[in-house]
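Below: one structure, written as C-alpha coordinates.
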There are 2 protein chains.
Amino acid sequence: MERFKGYVLDLDGTIYRGPYLMPGAREVVAELRKRGCKIVFLSNKAIQTRVDYAEKLTRLGIPATPEDVINSSLVTVDYLRREQPDARLYIIGEPPLIKEALNAGLRLARQPEETDIVVVSFDRTFHYGKLRFAYNAIMKGARIIATNADRTCPVEGGEELPDAASIIAALKALTDKEPELILGKPSPRVLEMATSRMGLKPSECLMVGDRLETDIVMGKAAGMKTALVLTGVTRREQLEASDVKPDYVLDSVAELIEGA
Amino acid sequence: MERFKGYVLDLDGTIYRGPYLMPGAREVVAELRKRGCKIVFLSNKAIQTRVDYAEKLTRLGIPATPEDVINSSLVTVDYLRREQPDARLYIIGEPPLIKEALNAGLRLARQPEETDIVVVSFDRTFHYGKLRFAYNAIMKGARIIATNADRTCPVEGGEELPDAASIIAALKALTDKEPELILGKPSPRVLEMATSRMGLKPSECLMVGDRLETDIVMGKAAGMKTALVLTGVTRREQLEASDVKPDYVLDSVAELIEGA
(Lines give C-alpha, C1' and ligand atoms only; values in the text may rest on other atoms or scores of the structure.)
Protein backbone atom coordinates (compact mmCIF):
# COMPACT_ATOMS: atom_id res chain seq x y z
CA MET A 1 0.00 0.00 0.00
CA GLU A 2 1.28 3.42 -1.05
CA ARG A 3 2.04 6.11 1.53
CA PHE A 4 0.26 9.48 1.37
CA LYS A 5 0.95 12.85 2.94
CA GLY A 6 -2.71 13.31 3.86
CA TYR A 7 -5.61 11.04 4.77
CA VAL A 8 -9.27 12.01 4.65
CA LEU A 9 -11.10 9.56 6.87
CA ASP A 10 -14.84 9.12 6.82
CA LEU A 11 -16.17 8.56 10.35
CA ASP A 12 -19.35 6.45 10.50
CA GLY A 13 -18.70 2.99 9.05
CA THR A 14 -14.96 3.65 8.70
CA ILE A 15 -13.55 4.85 12.03
CA TYR A 16 -16.48 3.83 14.20
CA ARG A 17 -19.97 2.43 14.00
CA GLY A 18 -22.27 4.11 16.51
CA PRO A 19 -20.46 3.94 19.86
CA TYR A 20 -17.91 1.31 18.77
CA LEU A 21 -14.47 1.99 17.37
CA MET A 22 -13.52 -0.15 14.35
CA PRO A 23 -10.71 -2.64 15.07
CA GLY A 24 -7.33 -1.04 14.54
CA ALA A 25 -8.68 2.49 13.99
CA ARG A 26 -6.90 3.95 16.99
CA GLU A 27 -3.56 2.36 16.09
CA VAL A 28 -3.84 3.45 12.45
CA VAL A 29 -4.46 7.09 13.30
CA ALA A 30 -1.64 7.06 15.88
CA GLU A 31 0.81 5.47 13.41
CA LEU A 32 -0.10 7.86 10.56
CA ARG A 33 0.38 10.83 12.86
CA LYS A 34 3.71 9.40 14.05
CA ARG A 35 4.79 9.33 10.41
CA GLY A 36 3.86 13.02 10.11
CA CYS A 37 0.81 12.51 7.91
CA LYS A 38 -2.05 15.03 8.02
CA ILE A 39 -5.51 13.66 8.89
CA VAL A 40 -8.98 15.12 8.44
CA PHE A 41 -12.16 13.38 9.63
CA LEU A 42 -15.37 13.67 7.60
CA SER A 43 -19.05 13.35 8.45
CA ASN A 44 -22.14 14.15 6.44
CA LYS A 45 -24.30 14.63 9.51
CA ALA A 46 -25.35 18.15 10.40
CA ILE A 47 -26.92 17.18 13.71
CA GLN A 48 -23.74 17.25 15.74
CA THR A 49 -21.14 19.97 15.99
CA ARG A 50 -17.48 19.49 15.16
CA VAL A 51 -16.88 19.87 18.89
CA ASP A 52 -19.12 16.83 19.48
CA TYR A 53 -17.21 14.79 16.93
CA ALA A 54 -13.83 15.81 18.32
CA GLU A 55 -15.00 14.88 21.84
CA LYS A 56 -16.32 11.52 20.70
CA LEU A 57 -13.09 10.67 18.88
CA THR A 58 -11.01 11.74 21.86
CA ARG A 59 -13.20 9.67 24.20
CA LEU A 60 -12.69 6.64 21.93
CA GLY A 61 -8.91 7.09 22.15
CA ILE A 62 -8.28 9.13 18.99
CA PRO A 63 -7.30 12.59 20.20
CA ALA A 64 -8.94 15.19 17.92
CA THR A 65 -9.77 18.88 17.92
CA PRO A 66 -12.77 20.51 16.19
CA GLU A 67 -10.33 21.70 13.50
CA ASP A 68 -9.64 18.07 12.57
CA VAL A 69 -13.30 17.52 11.64
CA ILE A 70 -15.24 18.59 8.55
CA ASN A 71 -18.99 17.98 8.42
CA SER A 72 -21.75 19.11 6.11
CA SER A 73 -22.76 21.95 8.46
CA LEU A 74 -19.28 23.40 8.29
CA VAL A 75 -19.07 23.16 4.50
CA THR A 76 -22.50 24.75 4.17
CA VAL A 77 -21.80 27.57 6.61
CA ASP A 78 -18.39 28.16 5.03
CA TYR A 79 -20.02 28.47 1.59
CA LEU A 80 -22.65 30.88 2.90
CA ARG A 81 -20.12 32.97 4.82
CA ARG A 82 -17.92 33.35 1.75
CA GLU A 83 -20.48 33.61 -1.04
CA GLN A 84 -23.73 34.79 0.58
CA PRO A 85 -22.67 36.71 3.69
CA ASP A 86 -25.68 39.04 3.63
CA ALA A 87 -28.36 36.48 2.83
CA ARG A 88 -31.16 36.03 5.31
CA LEU A 89 -31.53 32.31 6.00
CA TYR A 90 -34.35 30.05 7.01
CA ILE A 91 -32.75 26.88 8.33
CA ILE A 92 -34.67 23.58 8.47
CA GLY A 93 -32.14 21.91 10.71
CA GLU A 94 -31.15 21.16 14.26
CA PRO A 95 -29.64 23.56 16.81
CA PRO A 96 -25.97 22.65 16.05
CA LEU A 97 -26.36 23.78 12.42
CA ILE A 98 -28.14 26.97 13.44
CA LYS A 99 -25.47 27.66 16.05
CA GLU A 100 -22.69 27.10 13.48
CA ALA A 101 -24.40 29.61 11.17
CA LEU A 102 -24.85 32.23 13.89
CA ASN A 103 -21.25 31.78 15.08
CA ALA A 104 -20.13 32.52 11.52
CA GLY A 105 -22.04 35.81 11.61
CA LEU A 106 -24.85 34.69 9.30
CA ARG A 107 -28.35 36.09 9.72
CA LEU A 108 -31.69 34.35 10.12
CA ALA A 109 -34.93 35.46 8.45
CA ARG A 110 -37.85 36.16 10.72
CA GLN A 111 -40.51 36.15 7.97
CA PRO A 112 -40.94 34.12 4.77
CA GLU A 113 -40.96 37.27 2.65
CA GLU A 114 -37.52 38.39 3.86
CA THR A 115 -35.92 34.97 3.33
CA ASP A 116 -33.19 34.76 0.68
CA ILE A 117 -32.16 31.14 1.17
CA VAL A 118 -33.91 28.12 2.68
CA VAL A 119 -31.26 25.73 4.04
CA VAL A 120 -32.45 22.12 4.28
CA SER A 121 -30.74 19.57 6.49
CA PHE A 122 -31.35 16.47 8.58
CA ASP A 123 -33.86 17.69 11.16
CA ARG A 124 -35.45 15.61 13.88
CA THR A 125 -37.20 18.79 15.03
CA PHE A 126 -38.98 19.19 11.68
CA HIS A 127 -42.66 20.12 11.92
CA TYR A 128 -45.49 21.54 9.82
CA GLY A 129 -44.72 25.15 10.74
CA LYS A 130 -41.26 24.81 9.15
CA LEU A 131 -42.75 23.32 5.98
CA ARG A 132 -45.22 26.20 5.80
CA PHE A 133 -42.57 28.87 6.38
CA ALA A 134 -40.24 27.35 3.78
CA TYR A 135 -43.08 26.95 1.27
CA ASN A 136 -44.06 30.60 1.59
CA ALA A 137 -40.43 31.73 1.42
CA ILE A 138 -39.73 29.73 -1.74
CA MET A 139 -42.94 30.93 -3.41
CA LYS A 140 -41.75 34.48 -2.69
CA GLY A 141 -38.43 33.78 -4.40
CA ALA A 142 -36.10 32.23 -1.81
CA ARG A 143 -33.52 29.78 -3.17
CA ILE A 144 -33.00 26.33 -1.68
CA ILE A 145 -29.68 24.80 -0.67
CA ALA A 146 -29.11 21.58 1.28
CA THR A 147 -26.37 20.40 3.62
CA ASN A 148 -26.84 16.88 2.27
CA ALA A 149 -29.35 14.79 0.34
CA ASP A 150 -29.16 11.48 2.18
CA ARG A 151 -32.32 9.42 2.34
CA THR A 152 -31.71 8.04 5.81
CA CYS A 153 -29.12 8.39 8.53
CA PRO A 154 -27.96 5.43 10.62
CA VAL A 155 -27.99 6.13 14.34
CA GLU A 156 -26.85 4.25 17.40
CA GLY A 157 -29.02 1.21 17.99
CA GLY A 158 -29.20 0.33 14.29
CA GLU A 159 -32.25 2.42 13.34
CA GLU A 160 -32.22 4.37 10.09
CA LEU A 161 -33.77 7.81 10.59
CA PRO A 162 -35.41 9.87 7.81
CA ASP A 163 -32.75 12.34 6.61
CA ALA A 164 -32.84 15.48 4.46
CA ALA A 165 -34.07 13.76 1.25
CA SER A 166 -37.64 13.53 2.54
CA ILE A 167 -37.77 17.25 3.34
CA ILE A 168 -36.26 18.09 -0.05
CA ALA A 169 -38.97 15.93 -1.68
CA ALA A 170 -41.75 17.58 0.33
CA LEU A 171 -40.60 21.03 -0.82
CA LYS A 172 -40.29 19.85 -4.44
CA ALA A 173 -43.87 18.51 -4.37
CA LEU A 174 -45.03 21.90 -3.10
CA THR A 175 -42.96 24.29 -5.19
CA ASP A 176 -41.46 22.31 -8.11
CA LYS A 177 -38.09 23.61 -6.91
CA GLU A 178 -35.03 21.61 -5.92
CA PRO A 179 -31.86 22.61 -4.07
CA GLU A 180 -29.50 24.61 -6.26
CA LEU A 181 -26.60 23.26 -4.26
CA ILE A 182 -26.00 20.27 -2.02
CA LEU A 183 -22.92 21.07 0.00
CA GLY A 184 -22.04 17.92 1.94
CA LYS A 185 -20.76 14.65 0.46
CA PRO A 186 -20.43 14.02 -2.46
CA SER A 187 -20.01 17.75 -3.26
CA PRO A 188 -16.44 18.63 -4.36
CA ARG A 189 -16.46 21.46 -1.81
CA VAL A 190 -15.98 18.93 0.99
CA LEU A 191 -12.61 17.72 -0.26
CA GLU A 192 -11.55 21.20 -1.38
CA MET A 193 -11.98 22.22 2.24
CA ALA A 194 -10.19 19.10 3.48
CA THR A 195 -7.11 19.55 1.28
CA SER A 196 -6.92 23.26 1.98
CA ARG A 197 -7.07 22.46 5.73
CA MET A 198 -4.12 20.10 5.31
CA GLY A 199 -2.23 22.39 2.94
CA LEU A 200 -1.81 19.53 0.47
CA LYS A 201 -2.65 18.81 -3.16
CA PRO A 202 -5.39 16.24 -3.85
CA SER A 203 -2.84 13.93 -5.48
CA GLU A 204 -0.97 13.75 -2.16
CA CYS A 205 -4.05 12.53 -0.30
CA LEU A 206 -6.06 9.34 0.13
CA MET A 207 -9.86 9.41 0.60
CA VAL A 208 -10.96 6.53 2.84
CA GLY A 209 -14.63 5.67 3.27
CA ASP A 210 -17.30 2.96 3.25
CA ARG A 211 -19.68 4.35 0.59
CA LEU A 212 -19.01 3.97 -3.12
CA GLU A 213 -21.49 6.59 -4.29
CA THR A 214 -20.38 9.32 -1.91
CA ASP A 215 -16.90 8.73 -0.47
CA ILE A 216 -15.28 7.03 -3.45
CA VAL A 217 -17.04 9.01 -6.21
CA MET A 218 -16.15 12.24 -4.42
CA GLY A 219 -12.52 11.25 -3.89
CA LYS A 220 -12.06 10.34 -7.55
CA ALA A 221 -13.72 13.57 -8.70
CA ALA A 222 -11.32 15.53 -6.49
CA GLY A 223 -8.29 13.81 -8.03
CA MET A 224 -7.42 11.75 -4.96
CA LYS A 225 -6.58 8.10 -4.69
CA THR A 226 -9.41 6.25 -2.93
CA ALA A 227 -9.74 3.35 -0.51
CA LEU A 228 -13.02 1.57 0.20
CA VAL A 229 -13.35 -0.12 3.58
CA LEU A 230 -15.75 -3.05 3.86
CA THR A 231 -16.66 -2.32 7.50
CA GLY A 232 -19.59 -0.06 6.57
CA VAL A 233 -22.53 -0.17 4.19
CA THR A 234 -20.80 -1.56 1.08
CA ARG A 235 -20.59 -5.35 0.63
CA ARG A 236 -18.02 -6.97 -1.66
CA GLU A 237 -20.82 -8.09 -4.06
CA GLN A 238 -22.04 -4.50 -4.45
CA LEU A 239 -18.49 -3.41 -5.18
CA GLU A 240 -18.17 -6.04 -7.91
CA ALA A 241 -21.50 -4.98 -9.45
CA SER A 242 -20.61 -1.27 -9.40
CA ASP A 243 -18.89 0.83 -12.04
CA VAL A 244 -17.14 2.78 -9.30
CA LYS A 245 -13.73 1.23 -8.73
CA PRO A 246 -11.69 2.40 -5.73
CA ASP A 247 -7.90 2.20 -5.95
CA TYR A 248 -7.79 0.08 -2.80
CA VAL A 249 -10.30 -2.22 -1.15
CA LEU A 250 -9.61 -2.85 2.51
CA ASP A 251 -11.25 -5.25 4.95
CA SER A 252 -10.85 -2.49 7.51
CA VAL A 253 -9.07 0.78 8.12
CA ALA A 254 -6.37 -1.24 9.93
CA GLU A 255 -4.91 -2.23 6.54
CA LEU A 256 -4.00 1.40 5.79
CA ILE A 257 -0.62 0.98 7.48
CA GLU A 258 0.07 -2.63 6.51
CA GLY A 259 3.14 -2.78 4.35
CA ALA A 260 2.92 0.96 3.73
CA MET B 1 -80.41 24.59 -18.41
CA GLU B 2 -81.62 21.02 -17.86
CA ARG B 3 -83.22 19.98 -14.55
CA PHE B 4 -81.72 17.15 -12.52
CA LYS B 5 -83.05 15.02 -9.67
CA GLY B 6 -79.81 15.37 -7.74
CA TYR B 7 -77.08 17.98 -7.40
CA VAL B 8 -73.60 17.36 -6.05
CA LEU B 9 -72.25 20.74 -5.01
CA ASP B 10 -68.60 21.36 -4.30
CA LEU B 11 -68.20 23.74 -1.35
CA ASP B 12 -65.03 25.86 -1.49
CA GLY B 13 -65.03 28.03 -4.60
CA THR B 14 -68.58 27.01 -5.54
CA ILE B 15 -70.90 27.59 -2.55
CA TYR B 16 -68.58 29.78 -0.53
CA ARG B 17 -65.05 31.13 -0.51
CA GLY B 18 -63.63 31.13 3.01
CA PRO B 19 -66.22 32.86 5.20
CA TYR B 20 -68.21 34.38 2.29
CA LEU B 21 -71.20 32.82 0.59
CA MET B 22 -71.15 33.05 -3.22
CA PRO B 23 -73.86 35.34 -4.64
CA GLY B 24 -77.11 33.45 -5.13
CA ALA B 25 -75.91 30.25 -3.42
CA ARG B 26 -78.52 30.42 -0.67
CA GLU B 27 -81.39 31.07 -3.11
CA VAL B 28 -80.26 28.28 -5.47
CA VAL B 29 -80.14 25.64 -2.75
CA ALA B 30 -83.53 26.78 -1.38
CA GLU B 31 -85.10 26.70 -4.84
CA LEU B 32 -83.66 23.27 -5.73
CA ARG B 33 -84.94 21.87 -2.45
CA LYS B 34 -88.37 23.45 -3.07
CA ARG B 35 -88.44 21.57 -6.37
CA GLY B 36 -87.76 18.31 -4.51
CA CYS B 37 -84.20 17.86 -5.75
CA LYS B 38 -81.66 16.00 -3.64
CA ILE B 39 -78.45 17.84 -2.71
CA VAL B 40 -75.10 16.62 -1.43
CA PHE B 41 -72.23 18.96 -0.52
CA LEU B 42 -68.63 17.90 -1.19
CA SER B 43 -65.28 18.88 0.29
CA ASN B 44 -61.84 17.38 -0.14
CA LYS B 45 -60.62 18.70 3.19
CA ALA B 46 -60.10 16.21 5.97
CA ILE B 47 -59.37 18.84 8.61
CA GLN B 48 -62.97 19.60 9.48
CA THR B 49 -65.73 17.21 10.42
CA ARG B 50 -69.00 16.93 8.53
CA VAL B 51 -70.58 18.47 11.62
CA ASP B 52 -68.36 21.54 11.13
CA TYR B 53 -69.37 21.85 7.49
CA ALA B 54 -73.07 21.45 8.29
CA GLU B 55 -72.81 24.11 10.99
CA LYS B 56 -70.98 26.50 8.69
CA LEU B 57 -73.55 26.06 5.92
CA THR B 58 -76.41 26.52 8.35
CA ARG B 59 -74.77 29.64 9.80
CA LEU B 60 -74.44 31.03 6.27
CA GLY B 61 -78.17 30.50 5.68
CA ILE B 62 -78.10 27.09 3.96
CA PRO B 63 -79.62 24.65 6.46
CA ALA B 64 -77.64 21.41 6.36
CA THR B 65 -77.09 18.30 8.48
CA PRO B 66 -73.88 16.24 8.65
CA GLU B 67 -75.60 13.66 6.42
CA ASP B 68 -75.76 16.25 3.63
CA VAL B 69 -71.95 16.51 3.54
CA ILE B 70 -69.36 14.16 2.07
CA ASN B 71 -65.68 14.88 2.62
CA SER B 72 -62.50 12.93 2.00
CA SER B 73 -62.35 11.76 5.65
CA LEU B 74 -65.77 10.18 5.34
CA VAL B 75 -64.96 8.44 2.06
CA THR B 76 -61.69 7.15 3.49
CA VAL B 77 -63.19 5.94 6.74
CA ASP B 78 -66.11 4.37 4.86
CA TYR B 79 -63.68 2.48 2.61
CA LEU B 80 -61.65 1.27 5.60
CA ARG B 81 -64.74 0.26 7.57
CA ARG B 82 -66.08 -1.80 4.69
CA GLU B 83 -62.91 -3.25 3.20
CA GLN B 84 -60.28 -3.20 5.97
CA PRO B 85 -62.25 -3.33 9.22
CA ASP B 86 -59.51 -5.16 11.14
CA ALA B 87 -56.54 -3.16 9.88
CA ARG B 88 -54.45 -1.30 12.42
CA LEU B 89 -54.02 2.25 11.18
CA TYR B 90 -51.39 4.91 11.58
CA ILE B 91 -53.05 8.19 10.65
CA ILE B 92 -51.02 11.22 9.58
CA GLY B 93 -53.92 13.61 9.92
CA GLU B 94 -55.73 16.00 12.20
CA PRO B 95 -58.01 15.12 15.11
CA PRO B 96 -61.29 15.27 13.07
CA LEU B 97 -60.06 12.47 10.78
CA ILE B 98 -58.83 10.38 13.70
CA LYS B 99 -62.13 10.94 15.49
CA GLU B 100 -64.09 9.90 12.38
CA ALA B 101 -62.03 6.68 12.20
CA LEU B 102 -62.51 5.86 15.87
CA ASN B 103 -66.24 6.59 15.69
CA ALA B 104 -66.44 4.06 12.85
CA GLY B 105 -64.87 1.42 15.08
CA LEU B 106 -61.48 1.41 13.36
CA ARG B 107 -58.33 0.69 15.33
CA LEU B 108 -55.08 2.61 15.64
CA ALA B 109 -51.61 1.05 15.69
CA ARG B 110 -49.42 1.83 18.66
CA GLN B 111 -46.16 0.63 17.10
CA PRO B 112 -44.76 0.77 13.55
CA GLU B 113 -44.42 -3.01 13.42
CA GLU B 114 -48.13 -3.62 14.09
CA THR B 115 -49.29 -1.07 11.49
CA ASP B 116 -51.22 -2.44 8.49
CA ILE B 117 -52.07 0.84 6.79
CA VAL B 118 -50.57 4.33 6.95
CA VAL B 119 -53.30 6.88 6.15
CA VAL B 120 -51.95 10.19 4.83
CA SER B 121 -53.98 13.38 4.90
CA PHE B 122 -53.70 17.16 5.21
CA ASP B 123 -52.06 17.59 8.59
CA ARG B 124 -51.11 20.89 10.17
CA THR B 125 -49.94 18.86 13.20
CA PHE B 126 -47.38 16.95 11.11
CA HIS B 127 -43.96 16.54 12.73
CA TYR B 128 -40.79 14.46 12.47
CA GLY B 129 -42.05 11.77 14.86
CA LYS B 130 -44.92 11.00 12.48
CA LEU B 131 -42.56 10.78 9.51
CA ARG B 132 -40.33 8.40 11.47
CA PHE B 133 -43.24 6.21 12.62
CA ALA B 134 -44.70 6.01 9.11
CA TYR B 135 -41.29 5.29 7.57
CA ASN B 136 -40.69 2.39 9.96
CA ALA B 137 -44.22 1.06 9.45
CA ILE B 138 -43.91 1.13 5.65
CA MET B 139 -40.47 -0.52 5.72
CA LYS B 140 -42.06 -3.29 7.81
CA GLY B 141 -44.78 -3.80 5.20
CA ALA B 142 -47.58 -1.32 5.92
CA ARG B 143 -49.53 -0.10 2.88
CA ILE B 144 -50.18 3.59 2.22
CA ILE B 145 -53.53 5.18 1.42
CA ALA B 146 -54.34 8.88 1.22
CA THR B 147 -57.50 10.89 1.83
CA ASN B 148 -56.42 13.26 -0.95
CA ALA B 149 -53.37 14.25 -2.95
CA ASP B 150 -53.80 18.01 -3.16
CA ARG B 151 -50.64 20.08 -3.26
CA THR B 152 -52.04 23.00 -1.29
CA CYS B 153 -55.27 23.89 0.46
CA PRO B 154 -56.69 27.41 0.35
CA VAL B 155 -57.68 28.72 3.77
CA GLU B 156 -59.47 31.82 5.02
CA GLY B 157 -57.30 34.87 4.53
CA GLY B 158 -56.09 33.75 1.11
CA GLU B 159 -53.06 31.70 2.20
CA GLU B 160 -52.38 28.37 0.51
CA LEU B 161 -51.29 25.78 3.07
CA PRO B 162 -49.13 22.73 2.27
CA ASP B 163 -51.55 19.80 1.84
CA ALA B 164 -51.14 16.01 1.69
CA ALA B 165 -49.01 15.94 -1.49
CA SER B 166 -45.88 17.05 0.36
CA ILE B 167 -46.23 14.29 2.96
CA ILE B 168 -46.87 11.73 0.21
CA ALA B 169 -43.68 12.93 -1.52
CA ALA B 170 -41.64 12.76 1.70
CA LEU B 171 -42.69 9.12 2.20
CA LYS B 172 -41.97 8.28 -1.43
CA ALA B 173 -38.45 9.72 -1.14
CA LEU B 174 -37.89 7.55 1.91
CA THR B 175 -39.52 4.26 0.90
CA ASP B 176 -40.05 4.37 -2.90
CA LYS B 177 -43.72 3.63 -2.13
CA GLU B 178 -46.77 5.64 -3.15
CA PRO B 179 -50.38 5.49 -1.94
CA GLU B 180 -52.22 2.47 -3.34
CA LEU B 181 -55.45 4.44 -3.13
CA ILE B 182 -56.38 8.10 -2.96
CA LEU B 183 -59.93 8.22 -1.69
CA GLY B 184 -61.05 11.85 -1.94
CA LYS B 185 -61.68 13.81 -5.13
CA PRO B 186 -61.17 12.83 -7.96
CA SER B 187 -61.64 9.20 -6.81
CA PRO B 188 -64.85 7.62 -8.19
CA ARG B 189 -65.71 6.49 -4.67
CA VAL B 190 -66.70 10.05 -3.78
CA LEU B 191 -69.53 10.22 -6.29
CA GLU B 192 -70.52 6.57 -5.71
CA MET B 193 -71.12 7.58 -2.12
CA ALA B 194 -72.94 10.75 -3.16
CA THR B 195 -75.36 9.03 -5.53
CA SER B 196 -75.97 6.19 -3.11
CA ARG B 197 -76.76 8.80 -0.40
CA MET B 198 -79.32 10.38 -2.72
CA GLY B 199 -80.71 7.06 -3.99
CA LEU B 200 -80.21 8.24 -7.59
CA LYS B 201 -78.41 7.05 -10.72
CA PRO B 202 -75.40 9.13 -11.87
CA SER B 203 -77.27 10.08 -15.06
CA GLU B 204 -79.94 11.77 -12.92
CA CYS B 205 -77.35 14.03 -11.21
CA LEU B 206 -75.31 17.12 -11.97
CA MET B 207 -71.79 17.57 -10.56
CA VAL B 208 -71.09 21.26 -9.89
CA GLY B 209 -67.61 22.50 -9.03
CA ASP B 210 -64.85 25.00 -9.73
CA ARG B 211 -61.97 22.64 -10.58
CA LEU B 212 -61.60 21.02 -13.97
CA GLU B 213 -59.10 18.35 -12.96
CA THR B 214 -60.99 17.15 -9.92
CA ASP B 215 -64.67 18.13 -9.94
CA ILE B 216 -65.32 17.94 -13.66
CA VAL B 217 -63.06 14.97 -14.46
CA MET B 218 -64.61 13.05 -11.58
CA GLY B 219 -68.19 13.90 -12.60
CA LYS B 220 -67.59 12.77 -16.17
CA ALA B 221 -65.94 9.54 -15.04
CA ALA B 222 -68.96 8.82 -12.85
CA GLY B 223 -71.35 9.28 -15.78
CA MET B 224 -72.85 12.56 -14.56
CA LYS B 225 -73.45 15.76 -16.42
CA THR B 226 -71.06 18.45 -15.18
CA ALA B 227 -71.16 22.19 -14.58
CA LEU B 228 -68.06 24.33 -14.05
CA VAL B 229 -68.51 27.53 -12.07
CA LEU B 230 -66.06 30.37 -12.69
CA THR B 231 -66.20 31.66 -9.10
CA GLY B 232 -63.30 29.45 -7.94
CA VAL B 233 -59.84 28.55 -9.20
CA THR B 234 -60.58 28.04 -12.90
CA ARG B 235 -60.39 31.03 -15.25
CA ARG B 236 -62.13 31.07 -18.64
CA GLU B 237 -58.74 31.02 -20.45
CA GLN B 238 -57.71 27.84 -18.62
CA LEU B 239 -61.01 26.25 -19.59
CA GLU B 240 -60.41 27.09 -23.24
CA ALA B 241 -56.89 25.65 -23.10
CA SER B 242 -58.03 22.44 -21.40
CA ASP B 243 -59.14 19.14 -22.93
CA VAL B 244 -61.69 18.75 -20.14
CA LYS B 245 -65.03 20.11 -21.37
CA PRO B 246 -67.84 20.48 -18.85
CA ASP B 247 -71.44 20.26 -20.11
CA TYR B 248 -72.19 23.67 -18.64
CA VAL B 249 -70.05 26.68 -17.83
CA LEU B 250 -71.64 29.04 -15.31
CA ASP B 251 -70.52 32.45 -14.11
CA SER B 252 -71.77 31.37 -10.71
CA VAL B 253 -73.87 28.74 -9.01
CA ALA B 254 -76.79 31.19 -9.26
CA GLU B 255 -77.24 30.21 -12.91
CA LEU B 256 -78.18 26.64 -11.93
CA ILE B 257 -81.82 27.63 -11.65
CA GLU B 258 -81.95 30.18 -14.46
CA GLY B 259 -84.35 28.98 -17.13
CA ALA B 260 -84.25 25.49 -15.64
Side-chain angles (χ1 to χ4, degrees), chain A residues 46-47 90-95 97 111-113 118 120-140 142 144 146 148-179 182, chain B residues 46-47 90-95 97 111-113 118 120-140 142 144 146 148-179 182:
Chain A
I47 60 172
Y90 183 67
I91 300 179
I92 297 180
E94 299 198 8
L97 173 60
Q111 301 292 337
E113 40 291 353
V118 172
V120 181
S121 187
F122 183 16
D123 184 9
R124 291 167 301 178
T125 62
F126 184 63
H127 58 72
Y128 188 82
K130 295 189 182 187
L131 185 67
R132 180 176 171 185
F133 191 115
Y135 166 64
N136 283 311
I138 296 162
M139 294 312 277
K140 291 184 170 75
I144 313 173
N148 64 307
D150 296 289
R151 182 189 280 223
T152 57
C153 179
V155 286
E156 305 192 1
E159 193 182 344
E160 294 275 330
L161 289 180
D163 203 329
S166 51
I167 300 170
I168 292 171
L171 291 176
K172 169 122 203 283
L174 273 167
T175 66
D176 278 333
K177 300 241 166 64
E178 290 185 278
I182 295 165
Chain B
I47 59 170
Y90 183 67
I91 300 179
I92 297 180
E94 299 198 9
L97 174 59
Q111 300 293 337
E113 42 287 358
V118 172
V120 181
S121 187
F122 182 17
D123 184 8
R124 291 167 300 178
T125 62
F126 184 63
H127 58 72
Y128 188 82
K130 296 188 183 189
L131 184 66
R132 179 177 171 185
F133 190 116
Y135 166 64
N136 284 310
I138 295 162
M139 294 312 278
K140 291 185 170 72
I144 313 173
N148 64 305
D150 296 290
R151 182 187 282 222
T152 57
C153 178
V155 286
E156 305 192 1
E159 191 182 348
E160 296 274 330
L161 290 180
D163 203 329
S166 51
I167 300 171
I168 292 171
L171 292 176
K172 169 122 202 283
L174 274 167
T175 66
D176 278 333
K177 299 241 167 64
E178 290 186 278
I182 295 165

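Below, read A as the first sequence line, B as the second, and so on, with proteins coming before strands; counting in each chain starts at 1.
Between Ala169(A) and Ala173(B) the shortest heavy-atom distance is CB-CB, 3.5 Å.
Rounding to the nearest 0.5 Å gives a distance of 7.5 Å between CZ of Arg151(B) and OG1 of Thr175(A).
Taking chain A as the reference chain and counting heavy-atom pairs below 4.5 Å, the highest number among Leu131(B), Leu171(B), Thr125(B), Asp163(B) is found for Leu131(B). Annotation: maximal heavy-atom pairing with chain B below 4.5 Å, among Ala165(A), Gly129(A), Ser166(A), occurs at Ser166(A).
Tyr128(A) and Phe122(B) have tilted rings, their planes meeting at an angle from 30° to 60° on a 0 to 90° scale.
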Subject >> Step-by-step side chain to side chain contact (heavy atoms under 4.5 Å, CB included) determination, Leu174(A) to Glu160(B) >> reply: CA-CA 10 Å; Leu174(A) 273 167; Glu160(B) 296 274 330; over 6 Å; no

**OP:** Please assess Tyr135(A) against Leu161(B) for the test side chain to side chain contact (heavy atoms under 4.5 Å, CB included), listing each intermediate value before the final yes or no.
**Re:** CA-CA 8 Å; Tyr135(A) 166 64; Leu161(B) 290 180; over 6 Å; no

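Heavy atoms closer than 4.5 Å to chain A are found in the side chain of Glu159(B), but not in its backbone. For chain A, the nearby parts of Asp176(B) are the backbone and the side chain; heavy atoms of each come within less than 4.5 Å. Looking at Asp123(B), only its backbone comes within 4.5 Å of chain A, counting heavy atoms on both sides.
Judged by distance alone, the side chain of Arg132(A) and the main-chain N or O of Pro162(B) form no donor-acceptor pair under 3.5 Å.
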